[in-house]
Amino acid sequence: MVDDRFDWGVTKVTPRQFEKQIKTALEAGFRFFNLEDYFKENGPKKVAITFDDGYESVYQYAFPILKKYGVTATVFVIPGYCGQFNTWDVNIGGIRFKHLSWQQIKDLKSAGWEIGSHSFLHRDLSVLSTDQLFKDLLSAEKILKYHISDFSSVISYPFGNTNEKVIQVCKQLGFKNGVVMGRVSKNWDPCFSQTRLGVYLLDTEFTFLNKLNHHNWLFHNMQKVMDFCSDGSVIVKKRSWY
């Protein structure tokens, strides 16, 4: 999220931090791409901004900042929760955040943003049966096509979790790429296990630039730790998925 409001997690930045990071990347000579174009582009100094979950704060704060600098991004939305609060997550202290509405998503799409699938109900796809996988991902595809007609051929797996079964189903459904966070297996198709680095509330300009340049192995290992922490929501919510 890009948000000023308090919550107990660090998986966000403030609007002020976010704008400073965009300026830092531009001043360092980085070129911004939507994710599909990023995978096709050769050369150094390229970066893609991705937002998982599709929170309303992306529209309220990130959108005007990126528009100011002529930059677009990719947002992976959860069709089953559009316009609703994030009850799929473990909300410590009852703090909830709202997801983008369909009109907001259409506005982003019209402005050149890339819209992708983050599954229908934000369940851990790696624990679902094949039938459940098809039902979930096809439901997301049907609703996305209804509202915005076309969407990205890149999927972001909820909680960053995937496996060979999930990847095969995604291939059958026509996806071209899949993105995780830090955890990946050498046995997976690399096109469907593209790693990313999260940017968090505690990041400084120094750590942000190092993440952009992929210079430090420490950040990749820290990302794996963050991924394991996200499994707490999976453990708590898993019973309600069946």
Side-chain angles (χ1 to χ4, degrees), residues 1-2 31-41 46-89 97-125 128 130-160 162 166-180 189 191-194 196:
M1 293 183 289
V2 178
R31 300 168 297 144
F32 286 89
F33 297 91
N34 287 350
L35 201 52
E36 279 196 71
D37 294 331
Y38 175 91
F39 290 133
K40 300 172 186 175
E41 180 68 19
K46 63 175 186 175
V47 63
I49 302 172
T50 63
F51 295 100
D52 284 359
D53 307 328
Y55 284 112
E56 187 177 51
S57 59
V58 170
Y59 185 88
Q60 294 171 326
Y61 300 110
F63 181 33
I65 291 171
L66 292 182
K67 187 176 181 180
K68 176 180 175 180
Y69 293 97
V71 174
T72 56
T74 301
V75 58
F76 292 102
V77 301
I78 314 166
Y81 282 96
C82 286
Q84 301 178 43
F85 287 97
N86 61 332
T87 54
W88 56 267
D89 200 2
F97 296 91
K98 199 171 185 181
H99 290 283
L100 292 162
S101 69
W102 285 111
Q103 185 56 57
Q104 290 168 333
I105 293 170
K106 290 176 183 178
D107 290 347
L108 293 175
K109 177 72 173 174
S110 297
W113 282 47
E114 181 180 43
I115 310 299
S117 175
H118 199 41
S119 83
F120 181 51
L121 292 174
H122 205 289
R123 297 180 291 180
D124 181 350
L125 300 180
L128 301 184
T130 300
D131 287 344
Q132 288 173 322
L133 280 171
F134 274 107
K135 183 177 180 180
D136 185 289
L137 295 177
L138 283 171
S139 296
E141 177 181 341
K142 182 179 180 180
I143 296 174
L144 280 166
K145 284 184 175 178
Y146 174 80
H147 286 281
I148 62 172
S149 72
D150 68 307
F151 60 97
S152 174
S153 63
V154 183
I155 183 170
S156 173
Y157 313 108
F159 306 104
T162 190
V166 174
I167 289 171
Q168 288 305 314
V169 170
C170 288
K171 286 181 177 180
Q172 292 180 53
L173 293 177
F175 290 100
K176 304 299 181 186
N177 295 92
V179 293
V180 295
D189 184 335
C191 290
F192 284 83
S193 53
Q194 302 278 351
R196 298 173 291 170

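Values below: every heavy atom of this structure, side chains too, minus hydrogens, waters and symmetry copies. All residue numbers refer to positions in the sequence shown, counting from 1.
Between Trp88 and His99 the shortest side-chain heavy-atom distance falls below 4.5 Å. Using a 4.5 Å heavy-atom threshold, the side chains of Val154 and Phe175 count as separate. Residues Ile105 and Cys82 are in side-chain contact: their nearest non-hydrogen atoms beyond the backbone lie under 4.5 Å apart. In this structure, the side chains of Pro158 and Asp124 stay at 4.5 Å or more apart for every pair of heavy atoms.
The shortest heavy-atom contact between Phe85 and Tyr81 is O-CD2, 3.6 Å. In terms of heavy atoms, Leu133 sits closest to Leu125 at CD2-O, 3.4 Å. Here the closest heavy-atom approach between residue Asp107 and residue Phe63 is recorded as O-CZ, 4.4 Å. Looking at every heavy atom in both residues, Ala62 comes nearest to Val2 through CB-CG2, 4.0 Å. Gly116 approaches Ser152 most closely through the heavy-atom pair CA-CB, 4.0 Å.
Note: Phe134 CZ to Cys170 SG = 9.0 Å, rounded to the nearest 0.5 Å. Going from atom CD of Gln84 over to atom CG of Leu100 covers 12.5 Å, rounded to the nearest 0.5 Å. Here the NZ-CZ distance, from Lys40 to Phe33, works out to 12.0 Å after rounding to the nearest 0.5 Å. Put simply, OG on Ser119 and OH on Tyr157 are 12.0 Å apart, with the number rounded to the nearest 0.5 Å. How far CG of Leu108 is from OG1 of Thr72: 10.5 Å, rounded to the nearest 0.5 Å. The CD atom of Gln132 lies 11.0 Å from the CG atom of Leu121; values are rounded to the nearest 0.5 Å.
The backbone N or O of Cys191 lies less than 3.5 Å from a partner atom in the side chain of Asn177, making a donor-acceptor pair. In terms of modelled atom types and a separation under 3.5 Å, the side chain of Glu114 and the main chain of Glu36 share a donor-acceptor contact. Between the side chain of Ser101 and the main chain of Gln104, a donor-acceptor pair closer than 3.5 Å is present.
Ring geometry for His147 against Trp102 counts as parallel: the plane angle stays under 30°, on a 0 to 90° scale with 60° as the upper cut.
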Can you list the steps and then say if Leu144 with Ser117 is a side-chain contact (heavy atoms from CB on, under 4.5 Å)? CA-CA 8 Å; Leu144 280 166; Ser117 175; 3.9 Å; yes
Begin from the C-alpha positions of Met1 and Val58 and carry the test side-chain contact (heavy atoms from CB on, under 4.5 Å) through to its verdict. CA-CA 7 Å; Met1 293 183 289; Val58 170; over 6 Å; no
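For Lys68, the side-chain hydrogen bond (donor to acceptor under 3.5 Å, both in side chains) partners two or more places apart in sequence, or in a different chain, are Glu19.
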What pairs of donor and acceptor atoms, side-chain ones from residues 46-55 against any protein atom, are under 3.5 angstrom apart with sequence neighbours left out?
{"from": "Lys46", "atom 1": "NZ", "to": "Tyr38", "atom 2": "O", "distance (Å)": "2.9"}
{"from": "Lys46", "atom 1": "NZ", "to": "Glu41", "atom 2": "O", "distance (Å)": "2.6"}
{"from": "Thr50", "atom 1": "OG1", "to": "Arg196", "atom 2": "NH1", "distance (Å)": "3.0"}
{"from": "Asp52", "atom 1": "OD1", "to": "Ser156", "atom 2": "OG", "distance (Å)": "3.0"}
{"from": "Asp52", "atom 1": "OD1", "to": "Arg196", "atom 2": "NH1", "distance (Å)": "3.0"}
{"from": "Asp52", "atom 1": "OD2", "to": "Ser156", "atom 2": "OG", "distance (Å)": "3.1"}
{"from": "Asp52", "atom 1": "OD2", "to": "Arg196", "atom 2": "NH2", "distance (Å)": "3.0"}
{"from": "Asp53", "atom 1": "OD1", "to": "His118", "atom 2": "NE2", "distance (Å)": "3.0"}
{"from": "Asp53", "atom 1": "OD1", "to": "His122", "atom 2": "NE2", "distance (Å)": "3.0"}
{"from": "Tyr55", "atom 1": "OH", "to": "Asn86", "atom 2": "ND2", "distance (Å)": "3.2"}

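Counting non-hydrogen atoms of other residues, nucleotides and ligands closer than 6.0 Å to NZ of Lys145 gives a total of 12 or fewer.
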